[in-house]
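Notes follow the structure.
Keep in mind that what you see is a predicted model, and the values were worked out from it rather than measured.
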Amino acid sequence: MCVAVFTSASVSSCMTMFSLSVSSVTSRCHLFTALHRCVLTSNAGLTYASTCIGSTSLTNTPFKQESKISAVRNLCTNQDCNVSEKTCPSTANSEVRVRFAPSPTGFLHLGGLRTALYNFIFAKKHGGTFILRLEDTDQNRLVPGADEAIEDMLEWAGIPPDESPRRGGPLGPYRQSERLELYTQAALGLVDAGHAYYCFCSTQRLELLKKEALRSGQTPRYDNRCRHLRAEQVQEKLSTGGPCVIRFRLRSGVEPFQDLVFGWNQHEVAQVEGDPVVMKADGFPTYHLANVVDDHLMGISHVLRGSEWLISTSKHLLLYRALGWSPPAFAHLPLLLNRDGSKLSKRQGDIFIQRFQQAGVLPQALLDLTTHCGSGFATNRIGRKMEDLISEFNPSKITTHSALLDLEKIPEFNRIHLEQRIEDEEQSDSLVKDLQERIQKAYADEIQDKDVLRGSYITRILRLRKGHISSLKELVTPGYSYLWVRPSVSYQQVAALTSETQHITSLFLRFIEAQGEELSVEALSKDLKTLAKSTKATKYRDVMKLLRLSLSGLQQGPSVAEMMVSLGRREVIHRFQKLLLLSPIS
């Protein structure tokens, strides 16, 4: 059969999900809406209704179920509650509740991260709640592990949800696949009220309609054939137990709505679309029904989503009106595009958040970049932290034009945010731990002195390289290997630079031995220039090349003074002594 059966337990579950309060006319309105949408088939819900409304007559009457529901309608009506109007507020208070509702048919990408970020900032700006809801009704396209990865990436990015599948919350479940009964109840309620109908058209017929429309140069649309079936025809088809869907009956006269970004909008969807499917044959809802039901039951006050859904909003408002619910406020965010104006594509691969994480991009840099290229903030400077984004956020400043994302700026943003983290003592500790792991992974078998893994040593390196590197992974590249592994230098290499190797090395060794443990780049730079003048036949430039080679095994890199400060007095002495021992046969 293409009809769901509801038990006493399911009604009780429905009442719990609606979290009803009955202290006002508005609550009575909600009560009838809930009962009617639940399509009660037992006395359990009616007993609940009787108690709430203050009547004990419902469960003691021999009326048919339909008559009892009508009795609830009459009781509500007597309390001046008009359930046909959308005057019933979707939330009883002004609490700000927003949601990010991705589909786990793929992993989180930059476009999704930006939508989540704007919702998070909006919630925190107004002391509200940020919800993660997984819209996993498209079972055929689910990607294994994507659901967990989405929440992992939100937490990594520093925008964790307050309520989610992982964290739970008062209005869960937070996976649509675990809320199917609620959608079925709502869909059957729409059918019962005449706002929806069963459709028995085969996939073959629908495909023929599509091909014919394309052949004639028209936009494919359903022809609403099953809308006109008589009640006995519907019952006859339902009795066969064959597949069917439920379609929502689109109506003309869509009310305009004011989008917080795009202003007043109105789309007469009935003129350009056929009646949309709201419940599929497999028992899963489509996006249009599920998101309306969930946003209402979860008390969503504001829907911030991509502008691609702007044209569907009128359709959703029709659903809200049919269900007797007040809609939330809508703000449609302009698209995030590539720098050349082309659409971001999941096929690009490099737009997935996990790729940025693996590449060493800091979450703060990624958030800063995605907001910097868009709008909605009082300033547009680089280097903003989360508290800056929250305090400077102003929805009225969001423009309608698309945001152009320049991924080539990531190193610049990352360098600035890495510098900020190095300067922050608490955040610097996490950088040290991260770099320790990277060093051990890259040079595990080559490290001769375990002191290079000490936190104080790594902290000194980070502070000296602050502003020069864009990511931690740069510090484990060959150009910085001398910091962790003692270089191997041959006699032939130093001989090619100068014949005064012994003299120069002894001179500088005596100098460094006379220094204290605390070395300064600025002071060393001056002293090295003075000492270099003591050489007889070697130019200053070649003296520096010799010192750099002995310290790092490289011909390029940071200044010699910085290398000496980085390595520390004891290690510099060790490497100079090693240079003195070189011979033509070494």
- request: Could you tell me if the ring centre of Phe330 sits under 6.0 Å from that of Phe262?
  value: no
task: State which residue, out of Arg465, Lys466, Arg548, fulfils the salt bridge (Lys or Arg N to Asp or Glu O under 4.0 Å) condition with Glu562.
output: Arg465
Name of the residue among Lys385, Arg384, Lys409, Arg381 meeting salt bridge (Lys or Arg N to Asp or Glu O under 4.0 Å) with Asp368: Arg384
message: Measuring from atom CG of Leu336 to atom NE2 of His109, what distance do you get when rounded to the nearest 0.5 angstrom?
response: 9.5 Å
- request: Please say whether the positively charged group of Arg486, taken as NZ for Lys or CZ for Arg, lies over the ring of Tyr482, i.e. under 6.0 angstrom from the six-membered ring centre and within 45 degrees of the axis.
  value: no
task: Could you tell me the separation between the NZ atom of Lys124 and the CD1 atom of Ile121, rounded to the nearest 0.5 Å?
output: 11.5 Å
message: Test ring-ring contact (aromatic ring centres under 6.0 Å, His included) on Tyr118 and Phe393; report intermediate values, then the result.
response: CA-CA 9 Å; Tyr118 274 69; Phe393 183 62; 5.8 Å; yes
message: Let me confirm one number: the CZ-CG distance from Arg415 to Leu362, rounded to the nearest 0.5 Å.
response: 12.5 Å
- prompt: Knowing that exactly one of Asp294, Asp138, Asp136 qualifies, which makes a side-chain hydrogen bond (donor to acceptor under 3.5 Å, both in side chains) with Gln176?
  reply: Asp294
Value rounded to 0.5 Å, distance of OG1 in Thr399 from NE2 in His401: 3.0 Å
Pair His316 + Tyr287: ring centers closer than 6.0 Å: yes
- prompt: Are the side chains of Arg166 and Asp152 in touch, meaning some heavy atoms are under 4.5 Å apart?
  reply: yes
- request: Kindly say whether the aromatic ring centers of His372 and Phe413 come within a distance under 6.0 Å.
  value: yes
- prompt: Donor-acceptor pair, Asp295 side chain versus Ile300 backbone, under 3.5 Å?
  reply: no
- request: Pick out which of Thr538, Thr505, Thr535 makes a side-chain hydrogen bond (donor to acceptor under 3.5 Å, both in side chains) with Glu500.
  value: Thr538
message: Taking the six-membered ring of Phe130 as reference, does the cationic atom of Arg99 (NZ for Lys, CZ for Arg) lie under 6.0 Å from its centre and within 45° of its axis?
response: no
